[in-house]
There are 2 protein chains.
Amino acid sequence: MKQVTIYDIAKEANVSVATVSRVLNNTAPVKDSTRSKIMRLIDEYQFQPNALARGLSKKETGTIGVILPDVTNPFFPEVFSGIERMARDMGYTFFLCDTIGDYERESQYLNILREKQVDGIIFLGGRINLSKCKPELVDEVVETANRIPLVLVNGDLPGTSLYRVITNESKGAEIATQYLIDSGHRDIAFIAGNDNMTTTAQKVRAFKRIMKRNGLHVSGERVLYGDFSMASGERLMNRILSNEDRPTAVFCVNDFTAVGALKAAMKAGIGVPDDISIIGFDDIPLASAIYPELTTVKQQMDILGATAVQVLHKLIMKENVKKLTVIEPELVVRESTLSRDAIQ
Amino acid sequence: MKQVTIYDIAKEANVSVATVSRVLNNTAPVKDSTRSKIMRLIDEYQFQPNALARGLSKKETGTIGVILPDVTNPFFPEVFSGIERMARDMGYTFFLCDTIGDYERESQYLNILREKQVDGIIFLGGRINLSKCKPELVDEVVETANRIPLVLVNGDLPGTSLYRVITNESKGAEIATQYLIDSGHRDIAFIAGNDNMTTTAQKVRAFKRIMKRNGLHVSGERVLYGDFSMASGERLMNRILSNEDRPTAVFCVNDFTAVGALKAAMKAGIGVPDDISIIGFDDIPLASAIYPELTTVKQQMDILGATAVQVLHKLIMKENVKKLTVIEPELVVRESTLSRDAIQ
């Protein structure tokens, strides 16, 4: 049997969810005729209000706004799937706001979500990933967070202490680099994303740190900047391959650029992993759906999204919650990397 | 200089967008002090109301709800990108509602969007793609469409005359099949999606029709049903390859399954296109980002999304618009298909 939700009761009674909540929680007066109609429906459907419904105050709507920069990059839909799954049982529904990486659009959505009275906001990408974010863009988020519970995912804003759920991206880049070195690689290139984004900066720093710790030099031309797209990965890999002096392994800032790099190598007749190893970051579904399957750093996007909802839910319920929650990434070894020993 | 929008004026004046609209259009009384505050800001910022803002009645909010079944399948984000781009100039903002293919979730979102008073709804996937949709699910959409402008994309509901924007999917499947036959292929398999979805049924029918028209037989085992995922494409391709009697070409219901089929072939050491040709459908960015690049039927997802917004906008503005708008697909020949003559 279909589980009856607070939305069904509200719909059937032709009232808002907030009204049903008021009746359930006795938090505000409701017209007698409305109250008895709702009580009759609750009885009829044997409605069991879930944790959220019981906790809803008259101000709460059961909706959450999710702001993200690019639905066409699978990383974000995957995190969003984790958000969806975790929130289902809690009875939340979502508005997904795609900003196409446009900061003005982010401002607009922050505004609109406030107007639409969502209970909370989860913010991914865009300005919260900038190495240097303008003060007015920071202020806007802080102002919003003062009014509505707000959680940043994989990002930060300078000088603030907002609630955050992040992947330990530095750690992930360290693990990947060390894995390549342990496999016998000495000359490794890094295909990076935009150089003004923290996700690029953190990973490049970790890559260089581990190389140095192992006594290996990284020349300037071994770190190539572009964006986070497949086309960028292909372009930068072509640049790497056009040199006679080729690295034996390439570490890519994300799986999208790794897929592009893989294509460039195959097209040039360079075997992966036989001639060159490629390692990605994220573990989007595509990573294991292509041939050869990508070795990559798994971000646990599902857990990242789900955890963001748990933190936000606690904020909405005014429960105690840590300012920072860190999810540890892990290496997934597949087919696109090879030990140098196996080659020689 | 940043272009000032109706949202900025509303925010600065600390009133709703509807109030600014009322002042702009003189459609309803607004308190004198509020009116003069708004007029001062309009003057100060030299605000030029765009077409949408000028047309906004007191009921309108400038927001549109987009309901879709799966943000992790790139087809939908691509259509959504088209929606976004077209709507920018019109000043609309969007709520994207991901239903994870769950019909109850669709009902919930239809409800919530109504509560949140969006100006219009664009509906993709889910129940509108079912070969047999339950009457109560149909009724719900019709009821919503009676109250709020609503446009279906690539779908239909039996016994209704809702506004629709669709790709001519049958035509696309016909073109692809004829192309394979013209290239000398006689034994062609079809990797299909879920068998209860119209997108599968339409394409399978068109495939069989063209095969028959060319005097070619399609045995039952040459049409394989699964779902629309890469994993399904890989699984079904493995089944095809496990038979000694192999087709020379495989037509896939979408690019996702084609990517999976390609992986299965490469993993089995079957050359694509040398040993077997593969053709997809949609032309998602991934189609040209892998090696070999996929031959596919381009859906013009961008135009599909943009056209849906144009139709919806006309409905919101109460202008005349056709019930049905058809976008024609086109074949994009890349590297995953080969003429049989070239092989023999």
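Naming convention: chains lettered A, B, ... in sequence-line order (proteins, then strands); numbering from 1 in each chain.
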Considering only heavy atoms from C-beta outward, does the side chain of B:Phe95 approach that of A:Leu113 to under 4.5 Å? yes
Below 4.5 Å from any heavy atom of chain B, which atoms of [X] appear? Answer side chain, backbone, both or neither.
X	value
A:Thr72	both
A:Met230	side chain
A:Asp102	side chain
A:Tyr109	side chain
A:Asn111	side chain
A:Pro292	neither

Please rank [options] by heavy-atom pairs under 4.5 Å with chain A and give me the top one.
options	answer
B:Val71, B:Leu96, B:Leu262	B:Leu96
B:Gln108, B:Glu234, B:Arg114, B:Glu335	B:Gln108
B:Val66, B:Val259, B:Thr63, B:Ile112	B:Ile112

Shortest non-hydrogen pair, B:Tyr291 vs A:Lys267, comes out as CE1-CA, 3.8 Å
Taking all non-hydrogen atoms of both residues, which atom of B:Glu84 and which atom of A:Asp98 are closest, and how far apart?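 Taking B:Glu84 first and A:Asp98 second, the nearest heavy atoms are OE2-O, 2.9 Å.
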